[in-house]
Asker: 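Dropping the structure in here first, questions after.
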Protein chains: 2
Amino acid sequence: MSIRDYEQAMKSVADPTRMRILKLLEGGEMCVCQLIAVIELKQSTISRHLLLLKRAGLVKERKDGKWVHYSLDGSNSSRYARKMLQNLKGWLNDDRIVKKDRIREKIARDAGPREICERGMTLPMRRTATCCPAPRKEAVGTR
Amino acid sequence: MSIRDYEQAMKSVADPTRMRILKLLEGGEMCVCQLIAVIELKQSTISRHLLLLKRAGLVKERKDGKWVHYSLDGSNSSRYARKMLQNLKGWLNDDRIVKKDRIREKIARDAGPREICERGMTLPMRRTATCCPAPRKEAVGTR
DNA sequence: TTCTCATATAGCCAATTGTCAATATGAGAG
DNA sequence: CTCTCATATTGACAATTGGCTATATGAGAA
């Protein structure tokens, strides 16, 4: 409980990507693969952020077979982490990015870890450019 | 009031040097020269930190002749800044560095901006290694 | 055992950050 | 006006950080 812990907690929550992870976990624990699918950053990047959040006492992990689920840490090893989690719950709920993440979060939760992983860490979306590249037969050259 | 403001406020308070400045200002407004004398970093460095704190809505300035006094910003342009100032007041009061700063803070406040500036941004201290370098005659080579 | 797959870790690169030295600004003194 | 001095700003540098690719780990399946 020194400056070191303070700095670790504050720098952890200050990063926008880690803040997004924390806001997602406010809705309950999530599998790493689900976080990857929602945030759309590389697996190693998400993994690294989760490590930092864990070190700061902000999240905890639960291993379940080959999956690892993360959730907000209620045990609160750090008073700074505890307070910041509390603050965050009332913050940024109207933010554009956070709201967009919440929509994707719902899709990821509905699908579950298994389907997300099977799809290669992507969400099952309807009408997405990357997912359904419009297999029209003769759409090109109809002009 | 977006992620941008959030990030600015959080990153501002996360830095240990800026945290020290905020903890000093909890005791009331201070002149830039006093902050320099207490923290012992170069004038340009302190000035830059103050700029970042001001941008984040954490501190405000008051110009008084050739001196500039900074204080915690009660007007609170940023909700994040407001909350973090409140949090900080209950945090780190037992920290070694913060306590040491408080001792130097008292000396700086007692002396006032004028004397601090006249001394070249240093504190009037008795028995300090840097101030009184022990003028022993033949301490070297006694072995 | 070996293979697969979800996650973690290592190594690299570009961008950001904290510090200092040098210089600019700007207000009061003369 | 000029000079001085407190502070702000700029430019350079090293250290840190966030992202990626590639590789390692480790558990379940075969």
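The chains referred to below are lettered A, B, ... by the order of the sequence lines, with proteins before strands, and numbering in each begins at 1.
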Asker: What is the distance, rounded to the nearest whole Å, between atom CE of A/M121 and atom P of D/dC20?
Answerer: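 Distance check: A/M121 CE to D/dC20 P gives 15 Å.
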Asker: Tell whether B/S44 reaches the base of C/dA21 with its side chain through a donor-acceptor pair below 3.5 angstrom.
Answerer: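 Indeed, a donor on one side and an acceptor on the other fall under 3.5 Å apart.
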Asker: Within the structure shown, what part of the strands sits under 4.0 Å from B/R18 by heavy-atom distance: base, sugar-phosphate, or nothing?
Answerer: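 It contacts sugar-phosphate atoms only.
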Asker: Examine D/dG19: is either OP1 or OP2 under 4.0 Å from a nitrogen or oxygen in the side chain of A/H49? Give yes or no.
Answerer: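 It does, given that an N or O in the side chain of A/H49 lies less than 4.0 Å from OP1 or OP2 of D/dG19.
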Asker: If you pin A/D64 and A/K42 to their nearest nucleotides in DNA chain D, which one's is more 5'?
Answerer: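 Nearest-nucleotide comparison on DNA chain D picks A/K42.
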Asker: Do B/I36 and B/L52 belong together in a cluster built from hydrophobic side chains that touch within less than 4.5 Å?
Answerer: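 Result: no, two separate clusters.
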Asker: Let me know, please, whether A/L51 or A/E118 comes out on the 5' side of the other along DNA chain C by nearest nucleotide.
Answerer: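 Here A/E118 is the residue nearer the 5' end.
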Asker: Atom CZ of B/R114 and atom C1' of C/dA29: how far apart are they, to the nearest Å?
Answerer: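 Those two atoms, CZ and C1', are 12 Å apart.
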Asker: Taking atom C1' of D/dG18 as reference, at what distance in whole Å does atom CD of A/E40 sit?
Answerer: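 Checked: the CD to C1' distance equals 17 Å.
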Asker: What is the distance, to the nearest angstrom, from the CG atom on B/L52 to the P atom on C/dT16?
Answerer: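 After rounding, the gap between these two atoms is 14 Å.
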Asker: Output yes when a side-chain donor or acceptor of B/R104 lies under 3.5 Å from a complementary backbone atom of B/A37, and no otherwise.
Answerer: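 Yes: the side chain of B/R104 pairs with the backbone of B/A37.
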Asker: Between C/dT17 atom P and A/M10 atom CE, what is the distance in whole Å?
Answerer: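 Taking atom P of C/dT17 as the reference, CE of A/M10 is at 18 Å.
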Asker: On DNA chain D, compare the nucleotides closest to A/K11 and A/K66; which residue's is nearer the 5' end?
Answerer: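 Nearest nucleotide further toward 5': that of A/K11.
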Asker: Whole-Å distance between D/dT25 P and A/R48 CZ?
Answerer: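 That distance rounds to 17 Å.
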Asker: Measure the distance from CG on A/D15 to C1' on C/dA15 and round it to the nearest whole Å.
Answerer: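 The answer, rounded to whole Å, is 13 Å.
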Asker: Quick test of your reading of the model: are A/D15 and A/K11 salt-bridged, counting only N-O distances below 4.0 Å?
Answerer: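 No, no charged N to carboxylate O under 4.0 Å.
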Asker: So, does A/T45 get its side chain near the phosphate of D/dG18, meaning an N or O under 4.0 Å from OP1 or OP2?
Answerer: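 Indeed not, no polar side-chain atom of A/T45 lies that close.
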Asker: Just by modelled atom types, is the A/K54 backbone N or O under 3.5 Å from a matching donor or acceptor in the A/K60 side chain?
Answerer: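 No, the answer is negative, given that no donor and acceptor are paired below the 3.5 Å cut-off.
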Asker: Test side-chain contact (heavy atoms from CB on, under 4.5 Å) on A/I21 and A/H49 and set out the steps.
Answerer: CA-CA 9 Å; A/I21 293 176; A/H49 283 307; 3.9 Å; yes
Asker: NA contact type, A/I46, heavy-atom cut-off 4.0 Å: base, sugar-phosphate, or nothing?
Answerer: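 Here A/I46 touches no strand at all.
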Asker: At less than 3.5 Å, do the side-chain atoms of B/Q43 and the base atoms of D/dA8 form a donor-acceptor pair?
Answerer: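 Side chain to base: pair present.
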Asker: Taking OP1 and OP2 of C/dA8, is either one under 4.0 Å from a side-chain nitrogen or oxygen of A/S47?
Answerer: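 Yes, A/S47 has a side-chain N/O under 4.0 Å of OP1/OP2 on C/dA8.
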Asker: For DNA chain C, which residues of residues 27-34 of chain A approach it to below 4.0 angstrom with any heavy atom?
Answerer: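 Residues of residues 27-34 of chain A under 4.0 Å from DNA chain C: A/C31, A/V32, A/C33.
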Asker: Only counting residues at least two apart or in another chain, list the ones meeting salt bridge (charged side-chain N to carboxylate O under 4.0 Å, His left out) with A/R102.
Answerer: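 A/R102: salt bridge (charged side-chain N to carboxylate O under 4.0 Å, His left out) contacts with A/E26.
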Asker: Quick check on C/dA8: is either OP1 or OP2 less than 4.0 Å from any side-chain nitrogen or oxygen of A/Y70?
Answerer: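 Checking A/Y70 against C/dA8: at least one side-chain N or O falls below 4.0 Å of OP1 or OP2.
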Asker: What integer distance in Å separates A/I36:CD1 from D/dG18:C1'?
Answerer: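 To the nearest whole Å, that distance equals 16 Å.
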Asker: Would a single hydrophobic cluster contain both A/I3 and B/M10, if residues Ile, Leu, Val, Met, Phe, Trp and Tyr are joined by side-chain heavy-atom contacts under 4.5 Å?
Answerer: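 In one cluster: yes.
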